[in-house]
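A short write-up of the structure that comes next.
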Amino acid sequence: MAQPAPSILDVHTPTSSFAILYADAEDSLETLFAKLSKKTLAELNGRHVRSGWVKYEWNSIVWNLDDASDYAIFAWRMKSATPGGEGWPVLFVHNPDAPLPTPPEYQNPSFYMFRPKPAPPSPRLPATPESSSAASGKSRKRTKVSQPQNAVPRFKKDFEKFHNENGVRTIAGSIGPVNNVRMLLKSGYRHVYISRKFAIKNGFIPRDAAPGHYGYSGIVNLGKWPITVGRTRTVHSVYLTEESHFDVILGRSFVERRQIKFDAVDPTDVVCGDTGEKIDCELVILKDGKGQIVTVT
């Protein structure tokens with residue numbers, strides 16, 4: 001029985017685009033990395049493509065292609081897609097330890113991190129009761145619809161809608177010996193802070209700390225601690241704070257050190273400029289016990 005013809009995969013790097021042949025019956029993760037290494041030998045300064053360097057787009061979402069499990073899912077998706085069709089996967093290759101090109105250097109617009117962001121939809125003004133009909137040219141009488149007395153005022157609905165759509169950015173990482181910590185990322189704070197409860201629980205300060213010794217007399221410097229976000233570890237001065245909403249706050253010192261870039265349209269689009277790595281970011285809406293929104297300044 002004749003083997004099916006190999007398929008063509010488009011590949012994009014920060015500075016170039018090319019294509020490779022892919023055959024499901026013959027290829028594996030190792031052979032795929034080898035093909036990509038041959039094509040990017042000059043761009044990657046002779047280094048071979050490895051785990052953590054390859055991603056692919058499928059159904060408008062960018063996925064990692066790091067290990068055998070990722071490759072098994074990738075191969076299954078290849079079988080379920082039409083070659084060259086709308087859902088056909090596209091590969092991306094980038095060494096996360098190498099900085100991304102910045103203007104005036106050439107940036108490949110097909111690379112997923114350089115694609116133009118969609119323009120935000122223009123707001124629509126609500127029709128007012130006083131507006132007249134342009135079709136008839138005559139004014140029409142409109143009756144006011146009475147609202148129940150216990151209805152939520154519109155300004156409060158608009159306020160809650162605004163904050164529900166604009167939460168605060170949080171990312172996962174490690175600080176000192178503690179892993180998988182959800183941390184607030186906000187440049188409005190000056191330094192890196194940890195809450196008192198988190199500090200006591202994880203041994204940053206003694207459990208029997210008394211006022212005057214890590215007490216409630218202002219912000220206390222706890223020394224320098226390593227913080228890992230993504231694949232990069234940096235050391236920062238950490239301060240104790242009475243903030244109770246988040247265990248760790250990454251302020252301006254962290255943002256400037258890692259050259260964090262925020263997107264004005266998509267608040268979850270966070271890139272570390274020092275390595276070019278895109279960080280997984282989640283928006284969090286804080287509410288108190290009564291369901292009221294807590295604004296984090």
Side-chain angles (χ1 to χ4, degrees), residues 12-15 52 55 57 60-64 92 94-123 159-175 180-195 226-239 241 243 245-287 293-297:
H12 304 295
T13 76
T15 59
K55 298 180 184 293
E57 183 178 29
S60 301
I61 299 176
V62 177
W63 306 81
N64 289 340
F92 305 102
H94 170 60
N95 176 6
D97 296 329
L100 289 168
T102 56
E105 297 175 309
Y106 175 72
Q107 295 179 322
N108 184 4
S110 297
F111 190 65
Y112 73 100
M113 298 181 74
F114 296 148
R115 290 176 179 172
K117 303 297 178 183
S122 57
F159 175 83
E160 291 186 351
K161 181 182 178 182
F162 172 81
H163 282 283
N164 283 336
E165 294 174 349
N166 297 274
V168 291
R169 296 181 178 93
T170 65
I171 59 178
S174 65
I175 177 169
N180 298 322
V181 182
R182 178 59 55 180
M183 301 180 279
L184 172 66
L185 180 63
K186 196 169 182 67
S187 57
Y189 292 86
R190 185 174 182 181
H191 300 291
V192 174
Y193 306 89
I194 60 175
S195 68
I227 298 175
T228 303
V229 172
R231 299 186 181 89
T232 304
R233 174 181 174 182
T234 50
V235 178
H236 301 264
S237 295
V238 176
Y239 295 81
T241 179
E243 164 66 47
H245 295 117
F246 293 94
D247 292 333
V248 180
I249 300 173
L250 303 177
R252 194 161 60 251
S253 63
F254 177 86
V255 171
E256 292 176 352
R257 175 75 177 275
R258 294 297 310 274
Q259 302 173 33
I260 302 294
K261 297 179 181 178
F262 301 110
D263 188 274
V265 177
D266 182 3
T268 63
D269 189 352
V270 177
V271 177
C272 293
D274 56 348
T275 62
E277 184 178 3
K278 189 172 183 178
I279 302 300
D280 290 331
C281 176
E282 294 182 5
L283 295 185
V284 173
I285 312 295
L286 295 180
K287 293 187 178 182
I293 293 173
V294 177
T295 304
V296 178
T297 57

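- A donor-acceptor pair under 3.5 Å is absent between the side-chain atoms of D274 and the main chain of Q259, judged by distance alone.
- Side-chain atoms of V168 and H245, non-hydrogen and from C-beta on, never get closer than 4.5 Å to each other.
- Residues M113 and L100 share a closest heavy-atom pair of CE-CD1, 3.7 Å.
- Using a 4.5 Å cut-off on side-chain heavy atoms (C-beta onward), L184 and V248 make no contact.
- Note: F111 and H94 have perpendicular aromatic rings, judged against thresholds of 30 and 60 degrees for the angle between ring planes.
- Residue-environment remark: CG (D280) stays at or below the threshold of 12 foreign heavy atoms within 6.0 Å.
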### Task
Any chance you could lay out the side chain to side chain contact (heavy atoms under 4.5 Å, CB included) test for L185 and V270, step after step, and finish with the verdict?
CA-CA 10 Å; L185 180 63; V270 177; 4.0 Å; yes
### Task
Give the intermediate values and the outcome of side chain to side chain contact (heavy atoms under 4.5 Å, CB included) for residues I227 and V192.
CA-CA 10 Å; I227 298 175; V192 174; 3.6 Å; yes
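- Every residue meeting the salt bridge (Lys or Arg N to Asp or Glu O under 4.0 Å) condition with R182, not counting sequence neighbours, appears here in chain and number order: E282.
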### Query
Passes side chain to side chain contact (heavy atoms under 4.5 Å, CB included), V229 versus I279? Steps please.
CA-CA 8 Å; V229 172; I279 302 300; 3.9 Å; yes
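- Atom OH of Y193 sits about 13.5 Å away from atom NZ of K186, to the nearest 0.5 Å.
- In this structure, F254 has its ring center closer than 6.0 angstrom to the ring center of H236.
- One finds a salt bridge joining R115 and E57 here, because a Lys/Arg side-chain nitrogen approaches an Asp/Glu carboxylate oxygen to under 4.0 Å.
- The shortest side-chain heavy-atom distance between P226 and T234 does not fall under the 4.5 Å cut-off.
- Between L250 and R258 there is no side-chain heavy-atom pair separated by less than 4.5 Å.
- Atoms OH and OH, on Y239 and Y189 in that order, are 16.0 Å from each other to the nearest 0.5 Å.
- The shortest distance between side-chain heavy atoms of L283 and R169 falls below 4.5 Å.
- Side chain of E105 to backbone of T102: a donor-acceptor contact under 3.5 angstrom is found.
- Closest of all the heavy-atom pairs between D269 and V271 is OD1-CG2, 3.8 Å.
- With contacts defined as side-chain heavy-atom distances shorter than 4.5 Å, the pair I175/I194 qualifies.
- T15 places a side-chain heavy atom less than 4.5 Å from the side chain of P101.
- Tested against R252, the residues R190, R257, H191 include a single side-chain contact (heavy atoms from CB on, under 4.5 Å) partner, R190.
- Using a 4.5 Å cut-off on side-chain heavy atoms (C-beta onward), H12 and Y112 make no contact.
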